[in-house]
Amino acid sequence: MELIRILIADDHTLLRDALAELLDAEEDFDVVAVAGNAAETVRLAAELRPHVLLLDIEMPGNQDPAATVRHLRQAAPETQVMVLTMHDDPGLVQALLPLGIRGFLHKTVSHQSLAGTVRDVCAGGSRVTISLSARSLAAPAPADIAPLSVRETQVMELAASGLSNYRIARRLDIAEGTVKRHMRNIFDKLDAGSRVEAANKAVQRGLIAPPVTAPRGLRDTRSLPDVVLRGPHSLPDAVLR
């Protein structure tokens, strides 16, 4: 009988080690490695190609869970990704399901249920197991709110303050190309055709706070688009790049 090879990714050492010990005690399981951050998880998944990855989405370096899942699916496409988290958010489930996760389980799930779900995932088929509280499922979804990730919210806040892609990249210590990719995702999620429209919609929908002051350097407008925002529900009078 081939053992089910499992990779556990969680930054809480005590919980991670306890879970590894519990699962390793199952006669058909083999916990091949554990990881404590997103980068290490992607590296180990690509190197070890486990059958199942149990992924915590609140690890260091995992500001954007959807991006991490995409990287994992590219690095180890055969690995079945199961999210194991303290989050109880149907919106997050909806964001991750199209990316091919095979389970979304709350960390309060029993050992027996978790082990059974791992076996079901490895048995084939297309069933996805989701464990959410009845309270979260009954809660009404916010109206007209785009599910911006944590990183996308940071980028949008800085863009609304007038920072260029280059300055946003410097501020967040990421590549300028990554900023451009985040802006494209923001445009898609907010159905916006420009930074100005995206900023206004993000403010109107409560996704970001309005900038308190106009950005510096607006006196020299030769390199800036000729756009000014006004109105009770728009940003302060400031030209945005």
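Basis for what follows: all heavy atoms, side chains included, without hydrogens, waters or symmetry-related copies.
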### Task
For Glu78 and His51, test the side chains for any donor-to-acceptor distance below 3.5 angstrom and give the result as yes or no.
no

### Task
Mind checking the CD1-CD spacing from Ile174 to Gln154? Nearest 0.5 Å is all I need.
8.5 Å

### Summary
With sequence neighbours left out, the residues meeting salt bridge (charged side-chain N to carboxylate O under 4.0 Å, His left out) with Glu176 are none

### Within-4.5 Å side-chain heavy-atom neighbours: Leu207 and Thr153
no

### Query
Quick one: does Ser113's side chain have a donor or acceptor within less than 3.5 Å of a partner on Val109's backbone?
no

### Task
Evaluate the side-chain proximity of Val121 to Thr129: yes if any heavy-atom separation is below 4.5 Å, no if none is.
no

### Query
So how far is it from Thr68 OG1 to Arg73 CZ, rounded to the nearest 0.5 Å?
14.0 Å

### Task
Can you measure from OG (Ser161) to CZ (Arg167) and round to the nearest 0.5 angstrom?
10.5 Å

### Query
Do Leu54 and Leu23 come close enough that some side-chain heavy atom pair is under 4.5 Å?
yes

For a quick test of your reading: what N or O donor-acceptor pairs under 3.5 Å do the side chains of residues 178-186 make, sequence neighbours left out?
none

### Query
Hey, are His12 and Glu58 close enough side-chain-wise for a donor-acceptor pair under 3.5 Å?
no

### Query
With hydrophobic residues grouped by side-chain heavy-atom distances under 4.5 Å, do Leu7 and Leu19 end up in a single group?
no

### Message
Run the side chain to side chain contact (heavy atoms under 4.5 Å, CB included) test on Met82 and Thr117 for me, step by step, so that the C-alpha distance in whole Å, both residues' side-chain angles and the decisive distance to 0.1 Å come before the verdict.
### Response
CA-CA 9 Å; Met82 295 175 55; Thr117 302; 3.4 Å; yes

### Query
Leu163 and Arg171: which non-hydrogen atoms are nearest, and at how many Å?
CD2-NH2, 3.7 Å

### Task
State yes or no: do Leu72 and Met59 share one hydrophobic cluster built from I, L, V, M, F, W and Y residues joined by side-chain heavy-atom distances below 4.5 Å, directly or via other members?
yes

### Task
Identify the heavy atoms of Asp24 and Phe29 that sit nearest to each other, and give their distance.
OD1-O, 3.9 Å

### Query
Going hydrophobic residue to hydrophobic residue with side-chain gaps under 4.5 angstrom, can you get from Ile8 over to Leu44?
no

### Query
Do the side chains of Leu55 and Leu97 join up, straight or via other hydrophobic residues, at under 4.5 Å, putting them in one cluster?
yes

### Query
Just by modelled atom types, is the Leu48 backbone N or O under 3.5 Å from a matching donor or acceptor in the Arg5 side chain?
yes

### Task
Measure the spacing between CD1 of Ile6 and SG of Cys122 and express it to the nearest 0.5 Å.
7.5 Å

#### Entry: Sub-4.5 Å side-chain heavy-atom contact between Phe104 and Thr85
yes

### Message
I'd like to check Asp56 versus Val83 (side-chain heavy atoms, cut-off strictly below 4.5 Å). Are they in contact?
### Response
no

### Task
Considering non-hydrogen atoms only, spot the tightest contact between Ala66 and Leu99 and give its length.
O-CD1, 3.5 Å

### Query
Does Leu158 belong to the same Ile/Leu/Val/Met/Phe/Trp/Tyr cluster as Leu190, with side-chain heavy atoms less than 4.5 Å apart forming each link?
yes

### Message
Pairing donors with acceptors under 3.5 angstrom, does anything connect the side chains of Arg195 and Asn200?
### Response
no

### Task
Keeping the roles fixed (side chain from Glu152, backbone from Leu148), state whether a donor-acceptor pair exists under 3.5 Å.
no

### Task
Mind jotting down which residue pairs meet the salt bridge (charged side-chain N to carboxylate O under 4.0 Å, His left out) criterion with at least one end in residues 9-23? Sequence neighbours excluded, please.
Asp10-Lys107

